[in-house]
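All remarks here apply to the structure that follows.
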Amino acid sequence: METESEPYVRLASLRQLHQVMADMNTARSLADTLQTVADGAVNALGYEMACVNLVRPDGDLVVAAFSGNSAAEALITGRVGSRESWERRLNMGEAWGDLRFIPHTEGWVLDEDDVPQWYTDGPAPRFEDEWHPSDRLFAPMYTPGVQGGSSGELLGVISVDRPRNGRHPGAWGREALQMYAFQAAIAISNARLRANMQRALVRLEREQQALRASEESFRQAFEYAPSGMAIAEMGGDQHGRILRTNDALCRLLGRPASAMRRYSFSDLVHPEDVGTLLRTSAEGGRAELRLGRRDGSYVWVSLRNSVVADAADGPRFLLTHVEDIEERKRRELQLAHRASHDSLTGLPNSAELRSRLSSRLCQRAAHAGETESLDAAYGHPAFDVNGHGFDFAAVAQSYDGYDHHVHTIAPEGELDDGTKGLAVLFCDLDGFKSINDRFGHNAGDAVLIEVARRLTRGVRDGDTVARLGGDEFVILADGLGKADAQDLAVRLRNEIIQPIRAEGRAVRVGASFGIGWAHCGMTADEVLKSADERMYVEKRSRPKQHRRAG
C-alpha cells in the first residue's frame, strides 16, 4: 500500500484492502482463513513476506501460514516458537499502537531464540525511515471485541517483512496493519467457531445415526425376539396399558396386535395372580404367573419387567419380557404329583394322606393353669420351638372359634347321635398275598390298580382315597355320621369283592375296614393308628372263610 502521499490514499488501495478482509470472512476452513490472512498482508498491505503465527492450546505459537517466499515457507511452516520467546518480542521494541517494531539495532538479541524466522543481512540504511532486512514488525491478534495487548487474549501474531517501497510504514500504513490484524482475529475466531460447529454437527449426526441404528436394532430385537415382548405405560391413569407387542407374544396369547393394545396385563392375568403382577409392575423384576389366551385358557409365563426411565420425568414405561414356561410348569406339576402320589395306582401316597389329614386338625392349647405354670417356671411367657413368645390363652381362644379354623369333631358313643365328623376308613385286603404268591406280582399289581379304581368310584367328590402302602388303603370322608360311615364301608367292600381280571384270569380279594374318627387334639398318626386298630378288630371278628368272597 502506498504511503508517500499520506494522508492521501488511493481509492484502489482501500478497495483492495476491503476485498482482502471480505475474503478472510468467506474462507471455507480455518486453514483457508489463515492462508488468506497471510496472502492479504502481501497483496493488500504491500509487504513482500507475511507469516501467521497461531497460538496452540498449549500456549506456544506455530507457523500456520506463510506468503511471499516459497523457500522461506518450506523452511519454517509448521515450526513452533515458545510462548516465552514470543512474550519477550512483544514486550520490547517500539510500540506502534498494538504493533511492535524491533529495529535491526536491537533485534540481534533475538537471533538465538526458538522463534522460527527468515531474514537476511544488508547494508546500513541510507536514510532514517529506510527498511533494513533485519527489522522486525509484529501485529498481535487478540480475541474479538477486545483491543489492547494487556487486556485481550492473544490469538496469534502476524509478522511482516520488506515493505515494497523500502520504507517503514507511516501512520496510515501502521493503522491499516493494525486494523487488518483486528479483522484477521475476527476471521480466525469465526473460522474456529465454524470448524467447531461443523465438528459438533458431524458429531451430532454421528450420534443421531448411532441412535437411529440403536433404535433400529432395538426394533428388530423387539419385533423378531423368539419370546414375547411388550411395552406398557407406567404410572398415571393408564398404568399397565399395553402400547406395543411383538409377534411372539401375539402368537402365544392368540390375540392380534391391534387387540392387545386394548388391554393391560391386569386384564389378561389369571385372577389368582393379580397380586403377583402388581408387585412385579411396581418393583420390576421377575414373576411366574398365568396369562389368558383368546380361547379362554391360560398359559404359564415367566414375566420380567424392566423400567425405562426418563431423566427429566422419571419412570415412564415398562419393557416386559414374556417367556412361555407352560411345558416346565407341566413337568413341575408332574414331579410334584409323583412326589405326593403312588406310582402304581395314582392315588395320594402316605405323605400326602398325612398332609391332608393334618391340615384338618389342630393341636388344642394348654389350659390356663398350664400356661401359668410354664410362665412361672421360665420367668416369662412360654416360648415355642422357634424361640418366639407363645400366648397359650390367646391360642386357645382362637381355637375356640375366633379364627377361620373349623374344629373337627367326632361322633361319641355307640349309637348314631346325628353328629357329623371326619371318618377315616382303614382298608386292608384279604387274600391278596396268596394272589401274589400264586400268580406273580404283575397279577398283584393289576388287583391293586383295580381296587384303587373301585374305591375312587365308590366315594364322593372331595373325599380322599389314598394308598398307605402294600395292600392298605385309607379313605377320608368328611361330614359323615356313624351310620353313614358304616354304609360306606359296606358298599366299598361289596365293590372290592367282585371278580377282578388279572393276567388273563378272574381272581377275588376280600377287604376288612376299620372306621376311625379324626378330631382336633389328635395327630394324623394317632388318627390312622386308631382306624388301623379298629380294622384288625373287625378282621379278627369275622371267620377266616368269610373274609374273602372266593
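Model, not experiment: these values are computed from the prediction.
Between atom OG1 of residue T523 and atom CZ of residue R354 there is a gap of 9.5 Å, rounded to the nearest 0.5 Å. To the nearest 0.5 Å, atom NZ of residue K433 and atom CG of residue N436 are 8.5 Å apart. Note that CG of L319 is 9.0 Å distant from CZ of R304, once rounded to the nearest 0.5 Å. Residue L289 holds its CG atom at 5.0 Å from CG of D273, rounded to the nearest 0.5 Å. Remark: S340 OG to E352 CD distance equals 4.5 Å, nearest 0.5 Å. If you take CG on L54 and CG on D60, they are separated by 12.0 Å, rounding to the nearest 0.5 Å.
For the residue pair F265 and A230, the shortest heavy atom distance occurs at CZ-CB, 3.8 Å. Y298 and P271 get closest at one heavy-atom pair: OH-CD, 3.8 Å. Annotation for A248 and G228: closest pair CB-N, 3.9 Å, computed over non-hydrogen atoms. Of all the heavy atoms in R262 and D267, the pair that sits closest is O-OD2, 4.4 Å. Closest approach of T464 to P348, counting heavy atoms only: CG2-CG, 4.3 Å. Counting all heavy atoms, side chain and backbone alike, A443 lies closest to A502 at O-CB, 3.8 Å.
Taking the side chain as every heavy atom from C-beta outward, E288 and T276 never approach each other to under 4.5 Å. Within the 4.5 Å cutoff, no side-chain heavy atoms of I435 are placed close to those of I500. Counting heavy atoms from C-beta outward, L448 and F473 have side chains that approach closer than 4.5 Å. For the pair E233/L243, a side-chain contact is recorded, criterion being any heavy-atom separation below 4.5 Å from C-beta on. Between L291 and V269 there is a side-chain heavy-atom pair separated by less than 4.5 Å. Proximity of L155 to R192: side-chain heavy atoms (C-beta onward) are separated by under 4.5 Å at one or more points. Counting heavy atoms from C-beta on, the side chains of L488 and F513 never come closer than 4.5 Å. The side-chain heavy atoms of R460 and L480, taken from C-beta on, include a pair separated by under 4.5 Å.
The 12-atom threshold is not exceeded at OH of Y224, counting heavy atoms of other residues, nucleotides or ligands nearer than 6.0 Å. Counting heavy atoms of neighbouring residues, nucleotides and ligands inside a 6.0 Å radius, atom CZ of R330 exceeds 12 of them. For R206, the CZ atom counts as loosely surrounded, since its 6.0 Å shell holds 12 or fewer non-hydrogen atoms of other residues, nucleotides or ligands.
Under the 3.5 Å distance criterion, with hydrogens and angles disregarded, no donor-acceptor pair is assigned to the side chains of R338 and S343. A donor-acceptor pair shorter than 3.5 Å cannot be found between the side chains of D437 and S434. For the residue pair S512 / D428, no side-chain donor-acceptor distance below 3.5 Å is found, with atom types taken as modelled.
For the pair N305 (side chain) and L318 (backbone), a donor-acceptor distance under 3.5 Å is absent. With hydrogens and angles ignored, the 3.5 Å screen pairs a side-chain donor or acceptor of R493 with a backbone N or O of A511. A donor-acceptor pair is defined here as one N or O able to donate and one able to accept, closer than 3.5 Å; no such pair exists between the side chain of R356 and the backbone of L476. The backbone N or O of E526 sits nowhere less than 3.5 Å from a side-chain atom of S530 that would complete a donor-acceptor pair. Checking side-chain atoms of S355 against main-chain N and O of A351 turns up no donor-acceptor pair under 3.5 Å. Judged purely by atom type and a 3.5 angstrom limit, N246 uses its side chain to pair as donor or acceptor with the backbone of S227. Side-chain N or O atoms of T456 include one that pairs as donor or acceptor with a backbone N or O of A452 at under 3.5 Å. Side-chain atoms of D324 never come within 3.5 Å of backbone atoms of V301 as a donor-acceptor pair (strictly under, hydrogens ignored). Using modelled atom types, no side-chain atom of S297 and backbone atom of R293 make a donor-acceptor pair closer than 3.5 Å. The backbone N or O of G470 lies less than 3.5 Å from a partner atom in the side chain of R467, making a donor-acceptor pair.
Under 4.0 Å is where a charged nitrogen must lie from a carboxylate oxygen, and between E326 and K329 no such pair does. Using a cutoff of 4.0 Å between basic side-chain nitrogens and carboxylate oxygens, R457 and E450 are not scored as salt-bridged. Here E495 does not pair with R491 in a salt bridge; the nearest charged N to carboxylate O distance is not below 4.0 Å. Here K420 pairs with D484 in a salt bridge; the nearest charged N to carboxylate O distance falls below 4.0 Å. Ionic pairing of E538 and R534 is not present here: no N-O contact between side-chain nitrogen and carboxylate oxygen is shorter than 4.0 angstrom. Under a 4.0 Å N-O distance rule, the pair D58/R56 qualifies as a salt bridge.
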Step by step, work out the side chain to side chain contact (heavy atoms under 4.5 Å, CB included) result for L268 and M260. CA-CA 10 Å; L268 301 173; M260 289 291 291; 4.0 Å; yes

List the steps, then state whether side chain to side chain contact (heavy atoms under 4.5 Å, CB included) holds for L528 with L357. CA-CA 9 Å; L528 293 175; L357 183 54; 4.2 Å; yes

Derivation of the side chain to side chain contact (heavy atoms under 4.5 Å, CB included) call for L249 and M229: CA-CA 6 Å; L249 182 57; M229 300 288 287; over 6 Å; no

C427/I496 under side chain to side chain contact (heavy atoms under 4.5 Å, CB included): CA gap, chis, key distance, verdict: CA-CA 11 Å; C427 172; I496 292 173; 4.0 Å; yes

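Ring pair H337/H341 is parallel by interplanar angle, where below 30° counts as parallel and above 60° as perpendicular.
The side-chain tip of R255 points at the ring of Y263 from less than 6.0 angstrom away and within 45° of straight on.
None of T245, I231, L303 except one satisfies the side chain to side chain contact (heavy atoms under 4.5 Å, CB included) rule with T320; the exception is L303. Of the residues listed (L361, L422, D532, V474), the one engaging V527 in a side chain to side chain contact (heavy atoms under 4.5 Å, CB included) is L361, and it is the only one.
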